[in-house]
Amino acid sequence: ITPSVESSRTTEVNQSEHSSEEVSDGTFVVSVNSVPYQLTTVDPTQSLLTFIRSLPGHTGTKKCCAEGGCGACTVMLQNGIKNISVNSCLRPLAACNGMNVVTTEGIGNQKIGLHPIQTRLADNSGTQCGFCSPGFVMEMYSLLTNNPNPTADEVEKYFDGNICRCTGYRPIYTAFKTFATQSE
């Protein structure tokens, strides 16, 4: 898939045993990290996760439970009005027309530099195997985008849909509470 152009890879990505829905005016556009992708057909059964992971260099969003229970696939959707974190394994790609999807690669990476959320998570030993880290990072990014001054209690309560099997959560919350304002 190349930005704003349908290629043979686009067709390859969207093919399945299910029929594809043609976009009525040919203007289905979803952006990933502000790079627009224009598609002429969209498989109604394709998840946002599958689409993201089909893009070169976008493997940070993880496929784990595929049921929305673990948070490893969390991304942030921007529709011009609000920013929401979603489980990309449950979100149909067809429901993302006109939206920008922000992934962990879009907020920071080794080439452009890590985002402070990513840095603090690493500095506070919040990553052991690291598989859940992108989901936690994107959940925190979504929280801070919508609420730049959360309390420590708000930070802790915001992560009820993310699972970590390695750290016991305390190092993750310690890292993220560094972004919190002092609660009275």
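To the nearest 0.5 angstrom, I52 atom CD1 is 9.0 Å from L93 atom CG. Between Q46 atom CD and T41 atom OG1 the span is 9.0 Å, to the nearest 0.5 Å. Separating the CG atom in L39 from the CZ atom in F28 is a distance of 6.0 Å, to the nearest 0.5 Å. For the atom pair NZ of K177 and OG1 of T151, the computed distance is 9.5 Å after rounding to the nearest 0.5 Å. For the atom pair CD1 of I117 and OG1 of T104, the computed distance is 9.0 Å after rounding to the nearest 0.5 Å. Interatomic distance, CG of N124 versus OG1 of T119, reported as 10.5 Å (0.5 Å rounding).
Taking each heavy atom of S47 and S88 in turn, the nearest pair found is CB-O, 3.7 Å. In terms of heavy atoms, A180 sits closest to A152 at CB-N, 3.4 Å. Residue N149 comes nearest to E154 through the heavy atom pair O-OE1, 4.3 Å, listed as atom of the first residue, atom of the second, then distance. Among all heavy-atom pairs drawn from E105 and N109, the shortest one is O-ND2, 3.2 Å. Between N87 and G68, the closest heavy-atom pair is ND2-O, 3.0 Å. Minimum heavy-atom separation, P92 to C96: O-SG, 3.6 Å.
Taking a 6.0 Å sphere around NZ of K63, one finds it holds 12 or fewer heavy atoms contributed by other residues, nucleotides or ligands.
For the pair S142 (side chain) and E139 (backbone), a donor-acceptor distance under 3.5 Å is absent. With hydrogens and angles ignored, the 3.5 Å screen pairs a side-chain donor or acceptor of Q118 with a backbone N or O of G108. Proximity of a side-chain donor or acceptor of Y158 to a complementary backbone N or O of M140 within less than 3.5 Å is not detected. Side-chain atoms of N147 never come within 3.5 Å of backbone atoms of L143 as a donor-acceptor pair (strictly under, hydrogens ignored).
Placement of V30 and I107 in two distinct hydrophobic clusters is found when ILVMFWY residues are connected by side-chain heavy-atom separations under 4.5 Å, directly or transitively. Note on M138: it clusters hydrophobically with I163, by side-chain heavy-atom contacts below 4.5 Å among ILVMFWY residues. Follow the hydrophobic side-chain contacts under 4.5 Å out from V102 and you reach F179 in the same cluster.
Residues satisfying the ring-ring contact (aromatic ring centres under 6.0 Å, His included) criterion with H115, sequence neighbours excluded, are Y141. With sequence neighbours left out, F159 forms a ring-ring contact (aromatic ring centres under 6.0 Å, His included) with F136, F176.
In this structure, V29 stands alone, with no Ile, Leu, Val, Met, Phe, Trp or Tyr side-chain heavy atom under 4.5 Å from its own, directly or through other members.
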* **Stepwise side chain to side chain contact (heavy atoms under 4.5 Å, CB included) check, N33 with H58** => CA-CA 10 Å; N33 300 321; H58 287 81; 3.4 Å; yes

* side chain to side chain contact (heavy atoms under 4.5 Å, CB included) between Y37 and V32, intermediate numbers included -> CA-CA 8 Å; Y37 295 88; V32 178; 4.0 Å; yes

* Between T61 and L49, does a side chain to side chain contact (heavy atoms under 4.5 Å, CB included) hold up when you go through it step by step? -> CA-CA 7 Å; T61 305; L49 173 64; 3.6 Å; yes

* Could you go step by step and tell me if F51 and V101 meet the side chain to side chain contact (heavy atoms under 4.5 Å, CB included) rule? -> CA-CA 11 Å; F51 177 73; V101 182; over 6 Å; no

Atom pairs and distances, side-chain donor-acceptor, residues 125-133, under 3.5 Å, sequence neighbours left out:
none

Quiz: residues 72-82 side-chain donor-acceptor pairs under 3.5 angstrom, not counting sequence neighbours:
from, atom 1, to, atom 2, distance (Å)
T74, OG1, G71, O, 2.8
Q78, OE1, N100, ND2, 2.7
Q78, NE2, N83, OD1, 3.3
N79, OD1, I81, N, 2.8
N79, OD1, K82, N, 2.9

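The salt bridge (charged side-chain N to carboxylate O under 4.0 Å, His left out) pairs that include a residue from residues 161-176 are E156-R170, where partners are two or more places apart or lie in different chains.
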